[in-house]
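Each chain gets a letter, A, B and so on, in the order the sequences are listed, and its residues count up from 1.
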There are 2 protein chains.
Amino acid sequence: MIAKTKPLAALDVAARLRDGIRMGRFVPGQRLVEADIIADTGATRSRVREALQRLATEGLVTIEEFRGASVKKLTLDEVRQIYRARMALEGIAAADFAAADVPDLKARLAAIQEEMNQGESSGDHEQFGRLNTAWHRLIIEGAGNDYVRAFLATLTVPIYRLLFSTFYNAQRIDAANADHRLITAAIVEGRAEDAERFMRAHVEQGFHSLSAIHSHFAGN
Amino acid sequence: MIAKTKPLAALDVAARLRDGIRMGRFVPGQRLVEADIIADTGATRSRVREALQRLATEGLVTIEEFRGASVKKLTLDEVRQIYRARMALEGIAAADFAAADVPDLKARLAAIQEEMNQGESSGDHEQFGRLNTAWHRLIIEGAGNDYVRAFLATLTVPIYRLLFSTFYNAQRIDAANADHRLITAAIVEGRAEDAERFMRAHVEQGFHSLSAIHSHFAGN
DNA sequence: GGCGACGAAATGGTTGACAATCCGCCTGCG
DNA sequence: CGCAGGCGGATTGTCAACCATTTCGTCGCC
């Protein structure tokens with residue numbers, strides 16, 4: 001329900017498409033026709049094209065000559081590669097956060113952890129999903145590394161739509177939160193090596209959970 | 001002196017500018033005026049603008065509203081962040097390469113290592129620079145992770161121009177090659193954890209070497 | 001029913017124009 | 001003489017129209 005105040009800028013168009021893909025409004029493989037996007041957003045063709053180019057470099061969509069942009073399908077091997085890269089990057093982010101002298105950020109992390117512990121037994125995926133996202137994002141912010149943050153942003157987005165299913169049972173929430181507790185404690189207490197090791201194990205565990213159900217989404 | 005055979009495509013323009021920045025033909029902070037690039041390359045304005053956008057997302061140039069693109073200046077802290085990210089990514093690349101079953105790639109790595117050992121005492125920076133680049137690139141390829149490769153490509157490029165100075169003395173070449181020998185052996189013999197640990201130490205060492213002379217290039 | 005040609009639809013790319021902004025310079029005033 | 005403010009060229013941001021190329025569905029013909 002965007003008012004027709006102003007035509008959307010390229011970044012806005014990109015953000016809107018990104019959200020659409022994350023939220024599952026666009027199915028992998030679905031074509032993103034320029035004219036439709038123009039009709040939806042009111043942006044000009046140049047902006048739409050620029051936005052699609054940007055999403056292509058982010059790896060969210062693929063562009064084929066004269067066939068345009070379509071939502072990228074991820075193979076299981078690509079998901080594996082993504083998680084491998086996330087292991088490395090989130091691992092070092094956790095280590096750098098632990099080693100950094102940022103007491104307020106660490107306090108906020110502890111607060112989020114406390115909130116997650118409270119709602120743990122409730123099995124509320126919705127709430128846990130939000131807190132989980134905030135927890136990961138805060139750790140990336142706490143590391144203070146813009147390059148790592150930018151990379152992880154492109155790694156997190158393409159598989160976000162799959163995460164909903166990952167946490168669909170209370171048991172998995174508990175297991176994930178157990179990981180979170182270990183990592184949060186290591187960061188708050190400044191144990192960088194522990195934080196990195198635990199975070200890598202946590203991400204790897206996430207991949208194992210995901211790979212089982214991935215075939216359902218990937219299609220082939 | 002480009003012949004007027006064909007107007008260059010956007011990717012070609014980007015590649016040319018990238019080389020220009022890498023080779024030091026453009027100084028950090030220097031403005032990249034669209035009209036000049038058009039005159040140099042014969043490309044159209046749209047392509048030039050697309051190329052500059054691409055370089056901006058790669059972090060090679062910064063674009064300010066109505067002031068256009070200029071070669072990005074790197075602060076020491078940004079260089080530190082870059083090396084921190086490289087530690088994580090090249091480290092996992094080395095580990096994955098070691099764990100992978102790709103005997104031919106490992107043989108090629110051993111061959112490059114042998115060549116580096118041969119020319120070690122000669123103090124030929126030119127040759128060592130080439131071999132060093134090939135060595136790093138081969139390890140990234142051997143990891144078989146497109147995401148890691150893409151990230152490292154954007155991390156390697158912006159500081160390439162500084163590397164020349166890093167290896168300007170034979171002593172440093174020897175030290176770097178000692179690291180290389182350890183890492184190559186670990187990869188060839190499939191010791192993933194060793195490969196990662198040694199690679200991270202190697203990258204960190206590179207940063208320490210670089211930080212000393214960085215102020216000369218960064219300006220401030 | 002199969003096959004090939006045709007045309008609509010969509011994308012790739014160029015050009016020109018105009019608006020917005022920045023920056024150096026110049027004038028006028030104190 | 002110094003400076004505030006404005007002026008105009010230079011540069012970038014944005015758009016609209018246009019054409020070439022390719023894809024794809026469809027229709028007619030055999």
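Tested against A/L89 for a side-chain contact (heavy atoms from CB on, under 4.5 Å), the candidates A/L152, A/N145, A/I140, A/V203 yield a single pass: A/L152.
In this model, the phosphate group of D/dT14 is not approached by any side-chain N or O of A/T44 to a distance below 4.0 Å at OP1 or OP2. A sub-4.0 Å separation between OP1 or OP2 of D/dT11 and a side-chain N or O of B/R67 is absent. Not one side-chain nitrogen or oxygen of A/R45 sits closer than 4.0 Å to the OP1 or OP2 atom of D/dA16.
For CG of B/D101, the number of neighbouring non-hydrogen atoms (other residues, nucleotides, ligands) closer than 6.0 Å is 12 at most.
Within the 4.0 angstrom heavy-atom criterion, only backbone atoms of the sugar-phosphate kind lie near A/L32; the bases stay farther away. A/L52 comes within contact range of no nucleotide atom at all, as no heavy-atom separation falls under 4.0 Å. Backbone-only contact: A/E64 has heavy atoms under 4.0 Å from sugar-phosphate atoms and none from a base.
Per the geometry, CZ belonging to B/F66 stands 11 Å off P belonging to D/dT12, to the nearest Å. Here the C1' atom of nucleotide C/dG12 and the CD atom of A/E34 are 9 Å apart, to the nearest Å.
Note on ring orientation: taking the six-membered ring where Trp is involved, the planes of B/H202 and B/H180 are perpendicular (angle over 60°, cut-offs 30° and 60°).
Of the candidates D/dT12, D/dG13, D/dC15, D/dG13 carries the atom nearest the B/I63 side chain, counting heavy atoms from C-beta on. Of the candidates C/dG12, C/dA10, D/dC15, the closest approach to any side-chain atom of A/R49 belongs to C/dG12.
Checking A/R172 against A/S209 by side-chain atom types alone, a donor-acceptor pair falls below 3.5 Å.
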